Amino acid sequence: MNIYCIGIGGIGMSYAARYIHRMGGEVSGADAVDREIMAAMREEGIVCHVGHEVATIPEHTSLILVSPALLPAPTEDMLYAKEKGIPVQTWQEYIGEVTAQKTTIAVCGAHGKSTTTAMTGVMLMHAKMDPTIFVGTTLKELGGTNIRVGKGEYLVIEADEYNDNFLHYSPTFVLCTSYDVDHLDYFKTAERYRESFVTFFKKIPPHGMAFIHAQEELLEIVQEAGCPYTIVPEEATVELSVPGKHMRSNAALVEQLGTYIGLGREMITQGLKSFHGTWRRMELVGEYKGVHVIDDYAHHPTELKASLAALREAYPHHSIIALFQPHQYSRTRELFADFSTSFGDADKIGITDIYASRDSQEDLNSTSGKALATAIAAQKKDCEYVGDLDQGIIWLKKQVEITPDAIIACFGAGSITEVARGIVSSR
């Protein structure tokens, strides 16, 4: 079978492509722009094209995988595939078939999915369980990739609710980090969002288990779903190598899972202790003039608060200079009031232009980075609107000159990672 991946540079699609390749299948693909992850896949032997040209689809292609993000506006190669009658699946549908073949541990929730998935995978690796791992970030333990193909019983996967993607998976165990309504650009209402979670938990078999914290909404959801569940303490009892209450909260789920499946106490303790973080999750990317530069994926008010609290814990005697790139106009508008009060642990705040993703013209006209900066400043915070990312780098350098005992933290799910890495490489 020859499989062609449209949107191959996406973090999820890339692990689907890598899985096919490592299982001996023929796989290639394309994306609109050349991404760093595509360069890594080329080194692994996967052909990655830039641009959605029909000519790049192999003649003997038997299946097309697509990213759900492309479904509302089909690319040229997607339209060609449908015209030729080549079967088309989302990569989540394809990976869902893989989850049905293993004892699958699915990590869902509004925040902390990647970190918790990684923690679980690292713990199982440390315990010599030889797991298969699919995670929406990269790990040094996975050779700097986002996948591990093991021969053991367990498969660990990050289960994203957007587009009802996680409903394609077949979980035996579910770790739910939190419940916080998001992705209203797709779900439209909080009720519809909740309904998707209920449906997901109903997929847990009688011999399975859901691990949740004592959050009222989650308790109501698992009870309505009628699935087996256990309530997990708010924080892990083991020592971690990463700071932050939210990290200890995520680790508590992993700790309880380890106990439930029969791992020894030492395996659990050492497995969690050996986790040192992931790409773009409070990642220390380097220094600028002696100042630590942190890159973090936080793009929701709850995530921002948690990450900033963790940084305050890790750097109690430093000023925190936070640069935030809001992600999606629709999310910024819907959660505007919460965003405006999310920076309590930051000393200086810069807000860039909003990163547009799946936004309508109405969304684009509804709010702005400048409006958010004004609202944050109204909370008696030292906050400025800085404009585009180039201006963001200039702003950060200026703040370091004023406050040399600081740390820099760049937040957002969009292109702001370029700022964190750019300022480290600058002089």
Side-chain angles (χ1 to χ4, degrees), residues 107-123 135-141 158 175-180 182 211-215 218 232-258 268-286 291-324 338-339 341-349 406-413 416-417 420:
V107 180
C108 69
H111 319 294
K113 290 186 292 293
S114 296
T115 296
T116 308
T117 303
M119 279 184 180
T120 305
V122 169
M123 180 185 72
V135 61
T137 185
T138 59
L139 284 175
K140 63 179 179 60
E141 292 88 350
E158 181 174 339
L175 310 185
C176 189
T177 61
S178 57
Y179 182 80
D180 202 351
D182 198 2
F211 298 85
I212 66 170
H213 294 295
Q215 186 180 359
L218 272 176
V232 173
E234 283 303 307
E235 297 189 27
T237 63
V238 304
E239 183 183 356
L240 303 179
S241 299
V242 288
K245 182 178 180 180
H246 66 305
M247 292 291 189
R248 295 188 290 275
S249 177
N250 295 336
L253 297 167
V254 184
E255 181 181 14
Q256 290 293 308
L257 168 75
I268 295 170
T269 300
Q270 293 303 315
L272 286 172
K273 179 70 174 176
S274 68
F275 174 75
H276 291 276
T278 69
W279 175 68
R280 298 220 61 212
R281 272 68 176 181
M282 288 185 60
E283 179 190 6
L284 175 60
V285 295
V291 171
H292 283 188
V293 179
I294 310 294
D295 187 23
D296 193 272
Y297 194 70
H299 57 284
H300 184 283
T302 302
E303 296 167 352
L304 286 165
K305 290 177 183 177
S307 291
L308 282 165
L311 288 174
R312 178 56 67 205
E313 180 181 310
Y315 297 92
H317 305 300
H318 293 71
S319 295
I320 298 176
I321 302 170
L323 182 66
F324 176 51
D338 292 330
F339 274 120
T341 58
S342 294
F343 293 88
D345 279 310
D347 297 288
K348 296 186 178 184
I349 307 145
I407 66 161
I408 290 172
C410 296
F411 296 104
I416 194 164
T417 185

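This structure is a prediction, so every number in the text was calculated from the model and none was measured.
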Under the rule for salt bridge (charged side-chain N to carboxylate O under 4.0 Å, His left out), what residues qualify as partners of [X], not counting sequence neighbours?
| X | answer |
| --- | --- |
| Asp347 | Arg312 |
| Glu313 | Arg248 |
| Asp345 | none |
| Asp295 | Arg280, Arg421 |

Nearest 0.5 Å please: distance from the [atom1] atom of [X] over to the [atom2] atom of [Y].
| X | Y | atom1 | atom2 | answer |
| --- | --- | --- | --- | --- |
| Thr120 | Leu175 | OG1 | CG | 5.0 Å |
| Thr302 | Phe339 | OG1 | CZ | 9.0 Å |
| Ile349 | Leu323 | CD1 | CG | 11.0 Å |
| Thr269 | Leu240 | OG1 | CG | 10.0 Å |
| His292 | Ile408 | NE2 | CD1 | 11.0 Å |

Please check: side-chain N/O of [X] versus main-chain N/O of [Y], any donor-acceptor pairing under 3.5 Å?
| X | Y | result |
| --- | --- | --- |
| Ser249 | Lys245 | no |
| Thr116 | Lys113 | no |
| Lys305 | Pro301 | no |

Least distance between heavy atoms, [X] atom then [Y] atom:
| X | Y | answer |
| --- | --- | --- |
| Ala420 | Val293 | O-CG1, 3.7 Å |
| Cys176 | Leu218 | SG-CD2, 3.5 Å |
| Ala251 | Leu272 | O-CD1, 4.0 Å |
| Ile321 | Ala406 | CD1-CB, 3.6 Å |
| Ala409 | Leu311 | CB-CD1, 3.7 Å |
| Thr137 | Ser114 | CG2-CB, 4.0 Å |

Can you list the residues that meet the side chain to side chain donor-acceptor pair (under 3.5 Å) rule with [X], with sequence neighbours excluded?
| X | answer |
| --- | --- |
| Thr237 | Glu255, Arg265 |
| Lys273 | Glu239 |
| Ser307 | Asp296 |
| Tyr179 | none |

Measuring only between side-chain heavy atoms, which start at C-beta, is Glu303 closer than 4.5 Å to Ser342?
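Result no, sub-4.5 Å side-chain heavy-atom pair not found.
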
Ile294 vs Tyr315 side-chain heavy atoms within contact, under 4.5 Å
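SC-SC contact between Ile294 and Tyr315 confirmed.
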
Is the closest side-chain donor-acceptor distance between His111 and Asp180 under 3.5 Å?
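Yes, a side-chain donor-acceptor pair sits under 3.5 Å.
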
Tell me, please, which residues at least two apart from [X] pass ring pair (Phe, Tyr, Trp, His ring centres under 6.0 Å).
| X | result |
| --- | --- |
| Phe411 | none |
| His246 | none |
| His213 | none |
| Phe275 | none |

By the definition side-chain contact (heavy atoms from CB on, under 4.5 Å), identify the one residue from Thr177, Leu253, Val254 that meets it with Phe211.
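That would be Leu253; it is the only one of Thr177, Leu253, Val254 passing the side-chain contact (heavy atoms from CB on, under 4.5 Å) with Phe211.
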
Carefully, step by step, assess Gln215 and Ser178 under the rule side chain to side chain contact (heavy atoms under 4.5 Å, CB included).
CA-CA 8 Å; Gln215 186 180 359; Ser178 57; 4.3 Å; yes

Just say parallel, tilted or perpendicular for the rings of Phe324 and Phe343, cut-offs at 30° and 60°.
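If you compare the ring of Phe324 with that of Phe343, the planes turn out tilted.
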
Val107 vs Glu158, test: side chain to side chain contact (heavy atoms under 4.5 Å, CB included). Steps then yes/no.
CA-CA 5 Å; Val107 180; Glu158 181 174 339; 5.5 Å; no

